[in-house]
Amino acid sequence: MKSKPSLETSMLEESWRRYSRTWSMPAPERDTELRELVADEVTYTDPTTAISGRETFSGHMANFQQSMPGCFFEILSVNGHHGQTLASWRLVGGDGAERMRGTSYARLADDGRFAAFTGFF
């Protein structure tokens, strides 16, 4: 029998799902959601970029939307402990076809918001 996810895991899953949706939101909604989800000086790295600061991060998401119109992320699984967390995800095109899969690591700030992301794909 599969065990029920802990409250911490459920909260992490919801945070990752909210975060993944920000990649597809228009700027005003995205910025509001990012204020709740990520630290002011959040860092983000992946194989193509390394940036810091929430405003810069939001701009990076806007560039993603322009280069990948209609695409969105789906969170497939989440694990976490001691303020660190991993999420497996897939990128889906507007046509519903899977474009890629990856894993992202995040470190949480003391207030529970995301402080740093590292994406692997």
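Note that the coordinates shown come from a computational prediction; the quantities given were computed from them, not determined experimentally. Just so you know, these numbers use all the heavy atoms, side chains as well, and skip hydrogens, waters and symmetry mates.
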| said: Enumerate the salt bridge (Lys or Arg N to Asp or Glu O under 4.0 Å) contacts for residues 75-84, please, sequence neighbours excluded, ordered by first and then second residue. | reply: none
| request: List in chain and number order the residues that pass ring pair (Phe, Tyr, Trp, His ring centres under 6.0 Å) with Phe64, two or more places apart in sequence or in another chain; answer none if no residue qualifies. | output: Trp23, Phe73
Sequence neighbours excluded and cut-off under 3.5 Å, please list the side-chain donor-acceptor pairs for residues 36-43, or say none.
| unit_1 | atom_1 | unit_2 | atom_2 | d |
| --- | --- | --- | --- | --- |
| Glu36 | OE1 | Arg18 | NH2 | 2.7 |
| Asp40 | OD1 | Arg54 | NH1 | 2.8 |
| Asp40 | OD1 | Arg54 | NH2 | 2.9 |

| Set of side-chain contact (heavy atoms from CB on, under 4.5 Å) partners for Ser24, sequence neighbours left out | Phe72
| remark: Note: Trp89 and Ser104 closest approach over all heavy atoms is NE1-OG, 3.0 Å
| message | Grouping I, L, V, M, F, W and Y whenever their side-chain heavy atoms are under 4.5 Å apart, do Phe120 and Phe57 come out in a common cluster? | response | no
| side-chain contact (heavy atoms from CB on, under 4.5 Å) involving Glu29 - partner list, sequence neighbours excluded | Met25, Pro26
| task | For Asp111, check salt bridge (Lys or Arg N to Asp or Glu O under 4.0 Å) against everything at least two apart and list the hits. | result | Arg113
| Taking only residues two or more places apart in sequence, or in another chain, which ones meet Thr45 in a side-chain contact (heavy atoms from CB on, under 4.5 Å)? | Ala50, Thr118
| request: Could I get the full list of salt bridge (Lys or Arg N to Asp or Glu O under 4.0 Å) partners for Arg90, not counting sequence neighbours? | output: Glu74, Glu98
| task | Locate the shortest heavy-atom distance separating Cys71 from Gly93; write the atom from each residue and the value. | result | SG-CA, 3.8 Å
| query | Pairs in or reaching into residues 62-71: which pass salt bridge (Lys or Arg N to Asp or Glu O under 4.0 Å), with residues at least two apart or in two chains? | reply | none
| query | About how many Å separate CZ of Arg101 and CG of Leu76, when rounded to the nearest 0.5 Å? | reply | 5.0 Å
| request: State yes or no: do Val92 and Met100 share one hydrophobic cluster built from I, L, V, M, F, W and Y residues joined by side-chain heavy-atom distances below 4.5 Å, directly or via other members? | output: no
| field | For Asp95, side-chain contact (heavy atoms from CB on, under 4.5 Å) partners two or more places apart | value | Ala97, Arg99
| field | Smallest separation among heavy atoms of Gly119 and Pro47, with atom names | value | O-CD, 3.4 Å
Which atom pairs, one a donor and one an acceptor, fall under 3.5 Å between side chains of residues 79-87 and the rest of the protein, sequence neighbours left out?
| unit_1 | atom_1 | unit_2 | atom_2 | d |
| --- | --- | --- | --- | --- |
| Gln84 | OE1 | Tyr105 | OH | 2.8 |
| Thr85 | OG1 | Trp16 | NE1 | 3.0 |
| Thr85 | OG1 | Asn79 | O | 2.8 |

| said: Can a donor-acceptor pair be found, under 3.5 Å and without considering hydrogens, that links the side chain of Thr22 to the backbone of Tyr19? | reply: yes
| field | Partners passing salt bridge (Lys or Arg N to Asp or Glu O under 4.0 Å) against Glu14 (at least two apart in sequence or in another chain) | value | Arg21
